[in-house]
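Accompanying notes for the structure given below.
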Amino acid sequence: MPQAIFECRWASNDAGDQNKQSLPRKNQGDLSRELAAKIRMMGPIPVAEYMKEALTHPTLGYYTTRADVFGKAGDFVTSPEISQMFGEMVGIWCVNEWRKVGSPKPVQIVELGPGTGALAEDLLKVWSLLEKGGDGLTLQLVEISHPLIKKQAQRLCGDIEFGDEIPPKGLKAIHGDVPVHWHSVVEDVPTDAFSIFIAHEFLDALPIHKFQFTEDGWREVLVDVSKESSHQNPKFRYVIARNPTPASKIFLKNGVVGRQPGVIREVSPAALALGFHLAKRIEEDGGFVLIADYGHLGEKGDTLRAFSNHKLHDPLVDPGKADLTADVDFRRLQDEVGEKAISIGPVPQQVFLRNMGIDVRMEVLKKKCSSEKEAKWIEAGYRMLTDPAQMGERFKFFALFPNVLRQFLYKFPVAGFPPPRI
Ligand SMILES: C[S@@+](CC[C@H](N)C(=O)[O-])C[C@H]1O[C@@H](n2cnc3c(N)ncnc32)[C@H](O)[C@@H]1O
């Protein structure tokens, strides 16, 4: 596995303090009133529709209107924001797996939902160091949020002036002089290169349908306007559909565990469709996929939650102003991919990062620190990423590889994951 030595990204305060320079929050307008009007006219809506509007409504959605959601000043912190070591381990993994299959070129790193660009930045740093530049590499970013596209461009490509053109065109990343392109959907990413897809905390932001087992069988949980609501100040509540809905007929047909009254299950058709698409892409055009997210193996049901200002928040209050997220069902994802590609994992984050050498990397970084405070900060980041009580267990890594590599991977197992059982 390649070893890398590079400089440390340092934040002055603590592990989650890297986004102090946030853009101003925009006035959110009123998504509540818009959703309430729709529900009054059309009837209760699926949770998936509510979630999609809350996160990605073009002018009132949570992600589409703001760039200041990450870090201490925002609503939540993610692993790439906590420590550079996270992106470095992912970068080493990418270079290692790509070299194992003969370093095919042209090659593109496709990151889905790149946030502030922290992961892409650390990954490119590693790539350009190990490959002595970024020759033959492009970075393709799939991002729906214009404020975040601006932030990513500034972080990755330097202090650039924006005209009206978003996404910007013709930019190159500082690290490795790598061309950077933006797309609003993964289907628009070019198919003429070997693709390394990375999705960190992306699938959990994709809309879920929610179902509850009742005396009449599975029924979809919908979002309705609550009775105490006024036009000026709408409030929402969950209701259970009286009859089967299209979603309950389509997405529960394969049998779902936990058929006791009151049990709740979630299905994200968007996440499953993405898994299917990525499996097909790597089979047809060459490449592999690394997904990292919090998730489970089908045993959890009611995971939809909201975060605001680092605190749990009622998902039905103030849509568009808080992050909405649901755990990824990796079992269902594996089932969806089926035989179309090789599924590897999921394994807990601490297993992946340790297998990739984060312990050694932490010691190297600590030795380079110029102060005790800096060394403590490196250690705090390491603990947060790997401690089972923090992010070490709940977050999982999952990979997809094309079937053509099946025999090869028995001989040369995928780094970061336990070797396959033969
Ligand atoms: C939870 S954040 C994760 C950011 C980053 N990967 C990280 O871990 O720090 C989700 C990211 O996905 C983007 N996003 C959410 N839904 C999207 C969609 N439907 N299409 C494209 N991007 C989306 C958001 O704007 C944001 O960049």
Side-chain angles (χ1 to χ4, degrees), residues 9 15-16 18-19 22-23 26 48-49 51-58 60-72 74-87 89-90 109-123 139-153 155-156 166-167 181-189 197-208 268-274 277-278 290-295 304-308 310 320 322-328 349 381 384-385 391 394-397:
R9 187 172 73 221
Q18 302 192 13
N19 287 290
S22 50
L23 302 178
K26 280 195 182 161
E49 189 174 336
M51 189 173 173
K52 182 169 181 249
E53 296 290 323
L55 292 181
T56 59
H57 182 288
L60 302 169
Y62 179 73
Y63 283 118
T64 32
T65 52
R66 52 177 70 172
D68 58 350
V69 300
F70 301 89
K72 217 174 178 187
D75 294 321
F76 57 87
V77 65
T78 62
S79 295
E81 305 290 333
I82 289 167
S83 166
Q84 67 184 82
M85 291 183 280
F86 186 86
M89 296 304 115
V90 172
I109 290 167
V110 186
E111 191 184 351
L112 310 177
T116 65
L119 174 54
E121 184 186 37
D122 291 326
L123 197 160
L139 179 65
Q140 312 283 348
L141 300 175
V142 177
E143 176 58 70
I144 203 164
S145 160
H146 282 195
L148 281 171
I149 289 176
K150 280 188 176 179
K151 197 160 192 160
Q152 292 151 15
R155 181 172 203 150
L156 294 167
I166 298 180
H181 305 281
W182 280 266
H183 312 275
S184 54
V185 289
V186 69
E187 288 79 3
D188 288 349
V189 173
F197 292 95
I198 309 285
H200 181 261
E201 284 213 43
F202 178 70
L203 276 76
D204 69 275
L206 298 180
I208 53 125
S268 172
L272 299 179
L274 179 68
H277 176 80
L278 296 180
L290 186 65
I291 292 171
D293 226 309
Y294 32 71
L304 176 68
R305 58 208 178 278
F307 285 99
S308 176
H310 298 270
D323 183 34
L324 285 179
T325 169
D327 283 16
V328 175
Q349 173 159 301
M384 203 153 165
L385 294 180
M391 295 166 111
R394 284 194 63 210
F395 282 80
K396 317 275 188 226
F397 276 70

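Remember, it's 1-based here, ligands and their atoms both numbered in the order they're listed.
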Original post:
Does Glu143, backbone or side chain, put an N or O under 3.5 Å from an N or O of ligand 1?
Top reply: yes
**OP:** Would you check the N or O atoms of Ser145, main chain and side chain alike, for any that come under 3.5 Å of an N or O of ligand 1?
**Re:** no
**OP:** Would you mind telling me which of Val328, Leu203, Asp204 makes a side-chain contact (heavy atoms from CB on, under 4.5 Å) with Tyr294?
**Re:** Asp204
**OP:** Just jot down the ligand 1 atoms closer than 4.0 angstrom to any heavy atom of Thr78, in number order.
**Re:** 7 (C), 8 (O), 9 (O)
Original post:
Is it true that atom NZ of Lys396 has more than 12 heavy atoms of other residues, nucleotides or ligands lying nearer than 6.0 Å?
Top reply: yes
Subject >> Proximity of Ile144 to ligand 1 by residue part, where a heavy atom lies under 4.0 Å >> reply: both
Subject >> Distance-only N or O hit between ligand 1 and Gly115, under 3.5 Å >> reply: yes
**OP:** Identify whether NZ of Lys or CZ of Arg in Arg305 sits under 6.0 Å from the centre of the six-membered ring of Phe76 and within 45° of that ring's axis.
**Re:** no
Original post:
Which ligand 1 atoms, with their elements, are less than 4.0 angstrom from a heavy-atom of Leu148?
Top reply: 25 (O), 26 (C), 27 (O)
**OP:** Could you tell me whether some N/O pair between Phe202 and ligand 1 is separated by less than 3.5 angstrom?
**Re:** no
**OP:** Compute the shortest N/O to N/O distance between His200 and ligand 1 and return yes if it is under 3.5 Å, no if not.
**Re:** yes
Subject >> Partner residues of His181 under the side chain to side chain donor-acceptor pair (under 3.5 Å) criterion, sequence neighbours left out >> reply: none
Original post:
Numbering the atoms of ligand 1 from 1, which are under 4.0 Å from a heavy atom of Glu201?
Top reply: 1 (C), 2 (S), 3 (C), 8 (O), 10 (C)
